[in-house]
Amino acid sequence: MPDGSESESRKLLGRLRDTMAEEAAGQARLDKITHLTADSMGTEVCSVYLFRDEDTLELCATEGLKQEAVHHTRMKLGEGLVGRVARTGKMVNTADAPSERGFRYMPETGEEIFSSFLGLPIQRLGEKLGVLVVQTKAKREFTADEIYALEVVAMVLAEMAELGVFVGEGAALKARHTQAAMIRGITGQEGTAEGHVWLHEPRVVVTNLVSDDPERERERLKSAVEKLRVSVDEMLAGASGEQLEVLEAYRMFANSKGWRKRMEEDIDRGLSAEAAVEKEQSAARARMGQVTDAYLRERLHDLDDLSNRLLRILTGQGSETGAEMPADPILIARNIGPGELLDYGRRLRGIVLEEGSVGSHAAIVARALAIPLVVRADRVLTEALNGDHIMVDGDQGVVHLRPDESVVSAFRDKIAMQAQAQERYASIRQKPAMSICGKQINLFMNAGLLADLPSLPSSGAEGVGLFRTELQFLIRNQMPRRTELVEVYKRVMDSAGDKPVIFRTLDIGSDKVLPYMKPNDEPNPALGWRAIRVGLDKPGVMRMQIQALLRASEGRPLSVMFPFVAQYEEFRAARAEVDKAMAIERKLGHKVPETITIGTMLETPSLAYASKKFFEDVAFISIGGNDLKQFFFAADRENERVRRRYDTLNVSFLTFLEGIVQRCSETGTALSFCGEDAGRPIEAVCLAAIGLHKLSMRPASIGPVKSLIMRTDLDALYDVICDARERGEQSVRESVLDYLRWNG
Ligand code: PEP
Ligand code: MG
């Protein structure tokens, strides 16, 4: 950039800074900015259009157009050139505006005499705020330097808007982050919560945008980048697996000359170091919205995270600012690792993630902690500020930010009703789940953390029907040691007391990738090298785990089951590992369990058709309905497009499950069901009606499920199911619901 224009943009920035420092009402400042910009750039017109609501822009200040049009001229998103800039987030630069496609002439502004047009979006970190325009009578395209200068003005406007500068008397903008917002996401964990926002990574507010001492700013940037590099290297030293990959990308960016150079150029043009970082961050966010390639998006996210770190170093803002976590925190993050989530633990009332997925590790932990979770809550990070009042509806996958009175009261009614129901459930806690027709259903709970165990007595569960052991592996940065596992398993058995616990051996692969294991690039991970397949092919970890379980039992009875067994032989081979481990333990003189019960999950349709010998041989079978259903219908349980497509109460699936019940009853094999459907009352009574008399579910579901079982005649319900099937209905749900409603 030639020296002359460099100092021009610095001069303009200097004048803008003075305006920012002055005490003036919002409108007066905007007027001054448009005047200064037109004057410095030598254009006849400079106008600011800001969003009134989501899709309406309003002319809020102008130099050069008719003043009567200010606050009167409005346009829809996409309408005219201004609307086009707002919709696409991209610049329009033309020498002949009237002949541009989509041009719309606004007679009240008097703009017909202007020919050239340069419009840029006013946006902050991906949030669209408005459009900044300059126009001239002479036909000419604007140069790169002029575009740069206008970009900087747009950025200053965006920052001022963020700081609430335009709010107040004669305000051009409504106060930001004050209006109610409803954000739709996807249910990660059911439940409702009210509280106050706690941002996992607080927003950094840049107050010092402009500087006339580029030398000093370059130095500040240099030393901040240096600090950043050191901190990334430190993190790298202790990292492994997937985390290592991310940090390597961080290091690449931290050392990137291009990134640094662009920021230095911004500084030379008059921005402060932090404003330069944010300008590049905004550009990366804008790109993020446009790229569809998953890998590239991830890398842009990495750059975004890194920019946040750099901003925190430069401004001294961040978690160390002393902001206090509210007493009722609802955590908001783009994404969060399972370890970090566990650090927050049960202090959190709710969790909202801008990204995340239903099957992510964070979701697994949130579920284990029974904290309502909404994932894919689009733009929640842009909208939410620390301390905002927030209501999370995990049942509907909806978040209400700064809710108004009507939402608050409706939501509180819902919470109160749930609390009343909880009281009702507490009153039946010690009662057996006995149906009206006299069938007793055994209800167990699923668990995965030591922290789950305290809910065993209060849930009314008869024991733990599924203890998922992978969480201890997922939340660490390295493979847990055997002694650590012995400790965990021992404490699980101690807390359960006399109640039985079924430990499931490690179920990794597919969606559950250990951070310290080399990821496998598989075309179809759900059908790939996972669970017992890994355990049998590379038995080291499974052996260590079995040994830990045997030692933890200290002679007490032990129940173990294997995940994802697809054929009899896999079960036999896995059981042989247990026998071998028992023999070794005996030889070493360690106490072995007084009885050991070895069963398997049934998660692949193939196992339902295994030989009779298998059913006679296995001690028990637990149907993993989550996986079984996805393989039965060939519909990925993680894929939002298809995961709800097929009903659990579809007659094909129920008939298939009934077949398994039949086979187990022929051989007297103990059978249970431990997928998520066991915890849904309607599904649960149907499962019970077709003969699944042992159900294992999340602790919070036991009350509602028990309550419905106690009010249902399962024999009559079975007839309803059979009739619906006879009639050729696809799903028995409607008939079942009618029957249940009819019976109150
Ligand atoms: C299942 O598949 O139903 C199950 C209980 O296992 P997970 O959800 O851990 O895969
Ligand atoms: Mg499973």
Side-chain angles (χ1 to χ4, degrees), residues 187-190 338 357-370 373 443-449 452 461 463-475 501-514 524-535 545 559-566 570-571 574 599-608 620-639 643-644 646 648 653 656-657 660 671-680 683-684 687 692 694-699 701 705:
T187 299
Q189 157 73 21
E190 282 111 358
S357 70
V358 178
S360 67
H361 299 169
I364 295 169
V365 173
R367 237 167 272 154
L369 295 172
L373 165 71
L443 304 183
F444 287 73
M445 67 176 246
N446 293 346
L449 291 170
D452 294 331
V464 178
L466 164 66
F467 190 91
R468 292 181 166 101
T469 57
E470 46 279 2
L471 278 172
Q472 278 77 39
F473 287 78
L474 287 171
I475 58 184
V501 179
I502 299 177
F503 289 92
R504 177 176 77 183
T505 61
L506 197 55
D507 182 8
I508 49 156
S510 184
D511 58 315
K512 300 168 195 154
V513 183
L514 299 185
N524 227 327
L527 306 177
W529 197 56
R530 53 177 291 199
I532 198 66
R533 300 173 183 175
V534 181
Q545 196 186 19
S559 293
V560 179
M561 68 177 168
F562 306 111
F564 212 63
V565 169
E570 285 171 340
F571 171 69
T600 181
M601 308 256 319
L602 193 157
E603 301 183 277
T604 60
S606 64
L607 202 62
F620 64 89
I621 289 174
S622 187
I623 297 176
N626 307 335
D627 274 315
L628 186 62
K629 190 178 158 196
Q630 78 164 336
F631 297 123
F632 185 78
F633 287 111
D636 188 343
R637 64 192 261 193
E638 299 291 326
N639 182 337
R643 71 189 197 96
R644 288 178 219 266
Y646 304 101
T648 302
F653 193 52
F656 177 60
L657 292 177
I660 300 171
L671 178 65
S672 63
F673 185 104
C674 65
E676 290 297 313
D677 285 315
R680 302 190 171 109
E683 281 81 344
L687 294 173
L692 283 154
K694 183 173 171 188
L695 304 174
S696 193
M697 62 200 75
R698 281 186 278 127
S701 302
V705 167

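Heavy-atom basis, side chains included; hydrogens, waters and symmetry copies ignored. What you are looking at is a predicted structure, and each value in this text was computed from that prediction instead of being measured. Sequential numbering from 1 along the given sequence is applied to the chain's residues. Remember, it's 1-based here, ligands and their atoms both numbered in the order they're listed.
Taking a cut-off of under 4.0 Å to the non-hydrogen atoms of Cys674, the atoms of ligand 1 that pass are 5 (C). Residue contact check: Gly675 has heavy atoms under 4.0 Å from atoms 3 (O) of ligand 1. Short contacts between ligand 1 and Asp627, defined as distances under 4.0 Å to a heavy atom of the residue, involve ligand atoms 1 (C), 2 (O), 3 (O), 10 (O). Under a 4.0 Å criterion applied to the non-hydrogen atoms of Gly625, ligand 1 contributes the atoms 3 (O).
Within Asp627, the N, O or S atom at minimum distance from the Mg ion (ligand 2) carries the name OD2.
The main-chain N or O of Pro525 is never found under 3.5 Å from a side-chain atom of Arg530 such that the two would form a donor-acceptor pair. Formation of a donor-acceptor pair under 3.5 Å by the Thr469 side chain with backbone atoms of Arg504 is found in this model. The main-chain N or O of Ile508 is never found under 3.5 Å from a side-chain atom of Glu470 such that the two would form a donor-acceptor pair. One N or O on the side chain of Glu603 and one on the backbone of Phe564 form a donor-acceptor pair closer than 3.5 Å. Under the 3.5 Å distance criterion, the side-chain polar atoms of Glu683 are left unmatched by any main-chain donor or acceptor of Thr648.
The Mg ion (ligand 2) has an N, O or S atom of Glu603 closer than 2.8 Å.
Residue-level proximity to ligand 1 for Leu466 is carried by the side chain, the only part with a heavy atom below 4.0 angstrom. Counting heavy atoms under 4.0 Å from ligand 1, residue Arg468 touches it through the side chain alone.
With respect to atom 6 (O) of ligand 1, the closest heavy atom belonging to the protein is Arg504 NH1, 2.9 Å. Ranking the protein heavy atoms by distance from atom 10 (O) of ligand 1 puts Arg637 NH1, 3.0 Å first.
For the atom pair CE of Met445 and CG of Leu695, the computed distance is 15.0 Å after rounding to the nearest 0.5 Å.
Between Tyr646 and Phe653, the distance separating the two ring centers is not shorter than 6.0 angstrom.
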